[in-house]
Amino acid sequence: MSTPIDIAPANDRELVIARLLEAPREAVFRCWSDPALIVKWFTPPPWKTVEAVMDVRPGGSSLIVMEGPDGTRMPNPGVFLDAVENERLVFTDAFTAAWVPSGKAFMVATLTFEDAGESRTRYVARVAHWSAEDKSAHEAMGFHAGWGITTDQLEALAKTL
């Protein structure tokens, strides 16, 4: 299981998950950037990820569709703002494909991947929200538990690559 790293949020609109993962950063990055792998780890049970389409480059679009136990589907379209292989991914829901503004911007996520010794990765996910209210809503949705579970699932899959 991943080891928590204590990193404070930068401000009152940010949530952070930081972990030391027992997997090489190339594998962790691949799990975040390969649609065939995203569907294997991205959603905490009993939800599942049923579709992932990703164009991992600045300006590239993404679509991750999650499905609840009752069959309810939640599409999550977005755009990559930055992508540096094995180092960083930055994406937002403020835009959908082709820089079309979304109905309501909610967050910008910055993921960093750093070597932390042999076959280990220092993984930090900083999720900045457009308002303190959006941050509070994300926390109430179970951000820490949900992203914690999926980070453990990410680590488990990355170890196998």
Side-chain angles (χ1 to χ4, degrees), residues 1-11 13-67 74-99 102 105-129 138 141-161:
M1 185 179 312
S2 62
T3 305
I5 301 170
D6 190 22
I7 295 180
N11 56 53
R13 295 181 329 272
E14 185 176 79
L15 296 169
V16 179
I17 293 284
R19 302 283 176 85
L20 183 60
L21 305 182
E22 299 293 331
R25 74 179 173 141
E26 294 82 6
V28 176
F29 184 88
R30 187 172 156 218
C31 287
W32 260 106
S33 58
D34 182 339
L37 297 176
I38 282 273
V39 298
K40 294 180 178 185
W41 70 267
F42 186 77
T43 313
W47 286 71
K48 59 186 174 182
T49 303
V50 295
E51 181 181 356
V53 179
M54 304 172 76
D55 180 8
V56 183
R57 63 178 176 82
S61 62
S62 72
L63 173 65
I64 297 174
V65 181
M66 300 181 293
E67 184 177 273
M74 286 186 60
N76 294 283
V79 167
F80 287 97
L81 302 174
D82 193 19
V84 179
E85 188 172 0
N86 301 323
E87 291 182 20
R88 181 176 55 255
L89 287 173
V90 182
F91 55 91
T92 184
D93 65 351
F95 300 100
T96 61
W99 299 105
S102 66
F106 184 65
M107 67 176 213
V108 175
T110 301
L111 311 175
T112 56
F113 313 86
E114 296 175 14
D115 284 330
E118 189 174 330
S119 295
R120 297 172 90 190
T121 302
R122 182 177 188 266
Y123 167 73
V124 179
R126 293 182 173 275
V127 182
H129 299 82
H138 204 179
M141 283 189 265
F143 172 83
H144 292 287
W147 280 59
I149 290 166
T150 60
T151 299
D152 289 340
Q153 293 172 174
L154 164 66
E155 178 187 46
L157 179 60
K159 283 178 169 181
T160 69
L161 302 179

Closer than 3.5 angstrom, by distance alone: can the side chain of Thr121 be matched with the main-chain N or O of Tyr123 as a donor-acceptor pair?
no

Check whether Arg25 reaches the backbone of Asn86 with its side chain - one donor and one acceptor, N or O, closer than 3.5 Å.
yes

Less than 4.0 Å between a side-chain N and a carboxylate O, is that true for Arg120 and Asp115?
no

Any side-chain heavy atom of [X] sitting closer than 4.5 Å to one from [Y]?
X      : Y      : value
Val65  : Leu63  : yes
Ser61  : Thr96  : no
Phe91  : Leu111 : yes
Ser119 : Lys159 : no

Stepwise side chain to side chain contact (heavy atoms under 4.5 Å, CB included) test for Glu14 and Val127
CA-CA 5 Å; Glu14 185 176 79; Val127 182; 5.9 Å; no

Side chain to side chain contact (heavy atoms under 4.5 Å, CB included) with Thr43: which of Ile149, Thr49, Ile64?
Thr49

Classify the ring geometry between His129 and His138 as parallel (under 30°), tilted (30 to 60°) or perpendicular (over 60°).
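Perpendicular: the ring planes of His129 and His138 meet at over 60°.
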
Going by the angle between their ring planes, with limits at 30° and 60°, are Trp147 and Trp32 parallel, tilted or perpendicular?
tilted

I need the [X] [atom1] to [Y] [atom2] distance, nearest 0.5 Å.
X      : Y      : atom1 : atom2 : value
Leu89  : Met54  : CG    : CE    : 7.0 Å
Thr150 : Glu155 : OG1   : CD    : 12.0 Å
Glu22  : Glu118 : CD    : CD    : 11.0 Å

If you apply the rule side chain to side chain donor-acceptor pair (under 3.5 Å), what do you find for Ser2 with Arg19, and how did you get there?
CA-CA 6 Å; Ser2 62; Arg19 302 283 176 85; 2.8 Å; yes

Which heavy atom in [X] sits nearest to a heavy atom in [Y], and how many Å separate them?
X      : Y      : value
Ala52  : Pro35  : O-CB, 3.2 Å
Asp82  : Pro58  : CA-CG, 4.1 Å
Ala158 : Ala27  : O-CB, 3.5 Å
Leu37  : Leu157 : O-CD2, 3.7 Å

